[in-house]
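Below: one structure, written as structure tokens.
Both ligands and their constituent atoms are indexed starting at 1 by order of listing. Note that the coordinates shown come from a computational prediction; the quantities given were computed from them, not determined experimentally.
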Amino acid sequence: MTSTATPRTDPALLDALREDLAAAPFGVDEVHERLGDLAARALGREQVLPARRAVAGATDPLGVLIGCFGLGLPTSADDLAGALPRTGVTGAVALGIVEPHGAHVVATCDLRPYGDDAGHAWWVASDPTEHARTEPLPVDHVLGIGGASSTLASWTPRAQVPRALDVGTGCGVQALHLSTHADSVVATDLSRRALGYAAFNAALNRVDWDLRAGSFLEPVAGEAFDLVVSNPPFVITPRAEGVPLYEYRDGGAAGDAVVEALTKGVGAHLAPGGIAQLLGTWETVAGQDWRERLGEWIAASGLDAWVVQRDVQDPAEYAELWSRDGGHLPGTPGHEALVGAWLDDFAARGVEQIGFGIITLHRPTTQRAPFVDLVEVSGPVASPMGPTIAAGLAARDRLAALDDDELLDRPWRCADDVTTETHAAPGATDPNVIVLRQGGGLARSVRLDTLDAALVSVCDGELTARQALTAISALLDVPTGEALAAGAGLVRRLAADGLLLPG
Ligand SMILES: C[S@@+](CC[C@H](N)C(=O)[O-])C[C@H]1O[C@@H](n2cnc3c(N)ncnc32)[C@H](O)[C@@H]1O
């Protein structure tokens, strides 16, 4: 099954639609308020019933727009005319965002308000979601804003840059964010329908993107960018009879080859100082550490790399998650066969675990050895994470240029969001566990030994690390050379994640 045409970009009708949506006002906060906390939270979990009840019988413009474009409910043509007075039903039909059905209209797309933490407000059209359909999604479905879109948007650094690239733009959600801090935005996708939605959303939101059709980086051959973002079609999908190859999640290769190719290949398109921010999954076989696999990809890229693994699943968990995606729910025909296909696929490659995370790559501006930092952080982190990524890259860049002697000859101080936590056995006076905790960023917690704890306690921005460690080694009766080596390692780790700052 394939889908219908994507909405059209008639400039006069889009002007009218924009004014109507603004007048409703069809905004993120307004929709939340109109639905109420309960229904809005339920909708966030893709449970539509409370929201349907909240707008049942609504004739106010906001309620009508939520029902028609957010929930896919058949809407009286008169009510839509009231909600879109400048566009009119005829205009909405001409734009291709609704289809007439007698005295009613039905939306052909999902259209919703969207915004960022900096106060930018947009509207985003994409294909109707699963809950607005009665059948599984067609393979050329164009995804709206999902959890992965939001993760990538949150983790992307937002410094002003001359040229940015969004690979696999879909409806253009990342490109909207890029438009706020890039002088020019190129966005690619293999799917013509995705590019149709991206063109509509760019025109509706009055932003200008260079949209290019083609696979991954092919449309930008020979070009370099200051920032590349990609929420690629990274879902590991069995190439087996009956398993739908959804364009939005399958990049046309087995296993994790899509993410591997992007990680290895994106460096050719990064200007000096350029950053690539990618989402990805990676498989590991028995006895393999994920860092080994990622390490190979990164070595081939020749770039600085900082990868944060956020989640790990076993093949059964992965199969359960992705076999139901697209509307193939447990209990529907073929669901068990889908789960089986995923399990067979992983078994054929001996895969034991599938990791998910955020890959940050960086092209250094100087001829130094690249840094590689591969970490696991599964708990809550700051939101947005972009500022942490920007600060962490800058810190790693500085640290990579310092040898241990240079590092030790500087003063360091603890960041304001850092605290220590001590634990002692019942009845004991001295702590046997000391943990350094970061309040923001990656919310790191680092277990300290006595020497570490002593060093951190005197990092006041005045004493150099060498002075501090020399004194501590005498106090603790540890050879100075050993204390300096251990202290340099600790300072490097803490400074990379922003727990220690230059004094
Ligand atoms: C997970 S969606 C991401 C959409 C959007 N960028 C976001 O963040 O929500 C992946 C996108 O990659 C596109 N895609 C699939 N195969 C591709 C390929 N070979 N080259 C470029 N894009 C591809 C899909 O059409 C889809 O729009």
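- Annotation: atom 16 (N) of ligand 1 to nearest protein heavy atom, Pro233 CG, 3.6 Å.
- Remark: Arg192 does not engage Glu247 in a salt bridge, criterion side-chain N to carboxylate O under 4.0 Å.
- Close approach of ligand 1 to Ser191 is summarised as follows: ligand atoms under 4.0 Å from at least one heavy atom of the residue are 25 (O).
- In terms of N/O distances under 3.5 Å, ligand 1 is approached by Gly168.
- Both the backbone and the side chain of Leu190 come within 4.0 Å of ligand 1, counting heavy atoms alone.
- No more than 12 heavy atoms of other residues, nucleotides or ligands shown are found within 6.0 angstrom of CZ on Arg206.
- Geometrically, ligand 1 and Asn231 share a nitrogen or oxygen pair separated by less than 3.5 Å.
- For Thr188, no nitrogen or oxygen atom sits less than 3.5 Å from a nitrogen or oxygen atom of ligand 1, counting backbone and side chain alike.
- Protein heavy atom at the shortest distance from atom 24 (C) of ligand 1 is Glu247 O, 3.2 Å.
- With a 6.0 Å radius and a threshold of 12 heavy atoms from other residues, nucleotides or ligands, Arg86 has its CZ atom above the threshold.
- Both the sub-6.0 Å distance and the 45° axial angle are not jointly satisfied by Arg112 relative to the ring of Trp123.
- Look at Gly214 and you'll find a heavy atom under 4.0 Å from some atom of ligand 1.
- No hydrogens or angles considered: nothing links the side chains of His177 and Asp166 as a donor-acceptor pair under 3.5 Å.
- Protein heavy atom at the shortest distance from atom 19 (N) of ligand 1 is Ser215 OG, 2.9 Å.
- Ser149 OG, 2.8 Å is the protein heavy atom nearest to atom 9 (O) of ligand 1.
- Only backbone heavy atoms of Thr169 (N, CA, C or O) come within less than 4.0 Å of ligand 1; its side chain stays farther off.
- Shown here is Gln160, whose CD atom has more than 12 heavy atoms of other residues, nucleotides or ligands within 6.0 Å.
- The single protein non-hydrogen atom nearest to atom 1 (C) of ligand 1 is Tyr248 O, 3.0 Å, given as residue, atom name and distance.
- At under 3.5 Å, a nitrogen or oxygen of Asp189, whether backbone or side chain, sits near a nitrogen or oxygen of ligand 1.
- At most 12 heavy atoms of other shown residues, nucleotides or ligands fall within 6.0 angstrom of atom CD in Glu33.
- Using a 4.5 Å heavy-atom cutoff, the side chains of Val229 and Leu152 are in contact.
- Distance from atom 20 (N) of ligand 1 to its nearest protein heavy atom, with residue and atom name: Phe216 N, 2.7 Å.
- A donor atom on one side chain and an acceptor atom on the other are not found under 3.5 Å apart for Tyr246 and Asp140.
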